[in-house]
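These notes are about the structure you will find just below.
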There are 2 protein chains.
Amino acid sequence: MPYRKEDQEIEQCDFIHVHEEIVDQVMKVMPEEGQLLDLAEFFKVFGDSTRIKILYVLSQAEMCVCDIATLLQMGQSAISHQLRVLKQMRLVKFRREGKTVFYSLADGHIQTILAQGMEHIEE
Amino acid sequence: MPYRKEDQEIEQCDFIHVHEEIVDQVMKVMPEEGQLLDLAEFFKVFGDSTRIKILYVLSQAEMCVCDIATLLQMGQSAISHQLRVLKQMRLVKFRREGKTVFYSLADGHIQTILAQGMEHIEE
DNA sequence: TAAACATATGAATAGTTGTTCATATGAGAA
DNA sequence: TTCTCATATGAACAACTATTCATATGTTTA
């Protein structure tokens with residue numbers, strides 16, 4: 001949400017022909033602002049093709065950073081930066097083994113969400 | 001994916017200590033590039049708090065543009081622009097009734113995806 | 001210890017995006 | 001027709017983001 005009005009009175013429509021019953025009713029069940037912001041942040045992570053690819057390959061097998069970079073034909077640094085984002089959102093977990101760090105999907109939700117997305121774009 | 005290397009040889013790791021069996025195996029089952037790009041585009045739509053809010057309020061009731069603007073305390077133009085994005089991704093549908101345009105969610109997937117996201121951020 | 005390797009990270013930068021403002025379109029009412 | 005209302009849209013701009021480059025961190029081996 002890059003832009004924000006500094007002043008208070010935001011001009012919506014003229015407030016007159018708004019369907020009040022609907023608006024009042026939905027206003028009551030609105031989750032708190034923070035929760036919806038978190039939700040958007042969560043989905044934002046899926047909204048980048050590099051991260052989607054990383055999630056996809058990790059859904060197939062546990063893998064180190066170099067494996068992913070090789071599969072996606074991208075630089076190690078780019079992958080590492082994106083893995084950090086995925087880590088922060090707890091979409092991936094990792095374990096060290098010597099010099100190597102193996103990444104894998106954090107839990108089952110991730111695959112469910114990916115599958116739902118696939119279903120939508122495929123009909 | 002803002003940046004793209006012009007030249008071919010992208011330096012990954014040194015290709016030597018990559019786990020070949022894994023990489024080869026996953027390479028075979030990788031969906032085509034376009035499908036993963038579409039998937040990222042699809043999720044990108046969920047990755048903005050304004051659009052998440054719009055989807056949420058529409059999950060509660062069919063609504064006109066002004067209703068949404070009032071509920072979200074935002075300008076009519078901003079809502080209209082975002083509804084266009086949602087329309088293009090076929091996440092919302094609409095019907096005209098005189099001067100008013102009523103929007104609603106396009107199908108059930110949307111609510112499922114929202115719910116899965118909520119579940120993830122809430123544990 | 002030093003060298004080699006795997007990964008992480010900070011800075012810089014170019015591409016992208018969401019909101020605002022001004023205006024256009026389109027439908028109903030006068 | 002003209003006026004008003006509801007919505008849509010193009011341009012501009014500030015904030016954001018993903019990649020690259022250079023370098024740092026941390027682990028293993030010699």
Side-chain angles (χ1 to χ4, degrees), chain A residues 1-7 9-19 37 40-41 43-54 63-70 72-89 92 94-103, chain B residues 1-7 9-19 37 40-41 43-54 63-70 72-89 92 94-103:
Chain A
M1 205 176 7
Y3 279 65
R4 212 175 286 268
K5 272 236 181 160
E6 294 84 5
D7 53 278
E9 50 145 346
I10 297 170
E11 54 73 37
Q12 286 90 4
C13 315
D14 304 356
F15 282 126
I16 300 171
H17 295 98
V18 163
H19 306 84
L37 292 181
E41 288 305 307
F43 282 119
K44 197 169 289 177
V45 178
F46 291 85
D48 172 76
S49 61
T50 298
R51 288 192 295 264
I52 281 283
K53 288 176 191 171
I54 293 176
M63 236 174 265
C64 75
V65 179
C66 266
D67 293 342
I68 302 174
T70 305
L72 306 199
Q73 291 286 93
M74 293 179 64
Q76 171 269 320
S77 182
I79 302 298
S80 195
H81 276 297
Q82 297 304 345
L83 280 170
R84 187 151 69 101
V85 175
L86 294 168
K87 217 187 303 180
Q88 282 170 344
M89 263 310 165
V92 300
F94 62 98
R95 66 183 176 87
R96 262 207 117 91
E97 193 170 288
K99 284 175 289 192
T100 315
V101 178
F102 288 97
Y103 282 87
Chain B
M1 206 181 359
Y3 279 66
R4 210 176 289 266
K5 273 237 180 158
E6 294 84 5
D7 54 277
E9 50 146 346
I10 296 169
E11 55 74 39
Q12 287 91 6
C13 316
D14 303 356
F15 281 125
I16 299 172
H17 295 97
V18 163
H19 305 83
L37 292 180
E41 288 304 308
F43 283 119
K44 198 169 289 177
V45 178
F46 290 84
D48 173 76
S49 61
T50 298
R51 288 191 294 264
I52 280 283
K53 288 176 190 170
I54 294 176
M63 235 174 266
C64 74
V65 180
C66 266
D67 294 342
I68 301 173
T70 304
L72 305 199
Q73 291 288 94
M74 292 179 65
Q76 171 269 320
S77 181
I79 302 298
S80 195
H81 276 296
Q82 297 303 346
L83 280 170
R84 187 152 68 100
V85 175
L86 294 168
K87 216 187 304 181
Q88 283 169 345
M89 263 310 164
V92 300
F94 63 98
R95 67 182 176 86
R96 262 206 119 92
E97 192 170 288
K99 284 175 288 193
T100 315
V101 178
F102 288 97
Y103 283 88

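Chain A is the first sequence line, chain B the second, and so forth, proteins listed ahead of strands; every chain is numbered from 1.
The nucleotide whose nearest atom lies closest to any side-chain atom of K44(B) is, among dA18(D), dT17(C), dG18(C), dT17(C). Of the candidate nucleotides dT27(D), dT7(D), dA8(C), dT27(D) has the atom nearest to the side chain of R96(A). Comparing dT7(C), dA6(D), dG18(C) by their closest approach to the side chain of V65(A) singles out dT7(C). When distances are taken from the side chain of A78(A) to each of dT9(C), dT20(D), dT7(D), the shortest belongs to dT20(D).
Atoms CG (L72(A)) and C1' (dT20(D)) sit 16 Å apart, rounded to a whole Å. To the nearest angstrom, P of dC5(C) lies 19 Å from CD of E97(A). To the nearest angstrom, P of dC21(C) lies 12 Å from NE2 of H81(B). Computed from coordinates, the I52(A) CD1 to dA18(D) C1' distance equals 15 Å when rounded to whole Å. Look at CD on E41(A): it is 12 Å from P on dG18(C), rounded to the nearest Å. A straight line from CD of Q82(B) to C1' of dT17(C) spans 9 Å, rounded to a whole angstrom. Distance L83(B) CG to dT7(D) C1': 10 Å, rounded to the nearest Å.
Using a 30° and 60° split on the angle between ring planes, F43(B) and F43(A) fall in the parallel class, below 30°.
Judged purely by atom type and a 3.5 angstrom limit, R51(A) uses its side chain to pair as donor or acceptor with the backbone of K44(A).
Interatomic distance, L72(A) CG to I54(A) CD1, rounded to the nearest 0.5 Å: 6.0 Å.
Using a 4.0 Å heavy-atom distance criterion, Y103(A) is classed as a sugar-phosphate-only contact. Here S80(A) lies in heavy-atom contact (under 4.0 Å) with a base. Using a 4.0 Å heavy-atom criterion, one finds that S77(A) contacts the bases of the nucleic acid, with or without backbone contacts as well.
When each of T100(B), T70(B), V101(B) is checked for a side chain to side chain contact (heavy atoms under 4.5 Å, CB included) with C64(B), only T100(B) meets the rule.
Within a 6.0 Å radius of CZ in F102(A), other residues, nucleotides and ligands contribute more than 12 heavy atoms.
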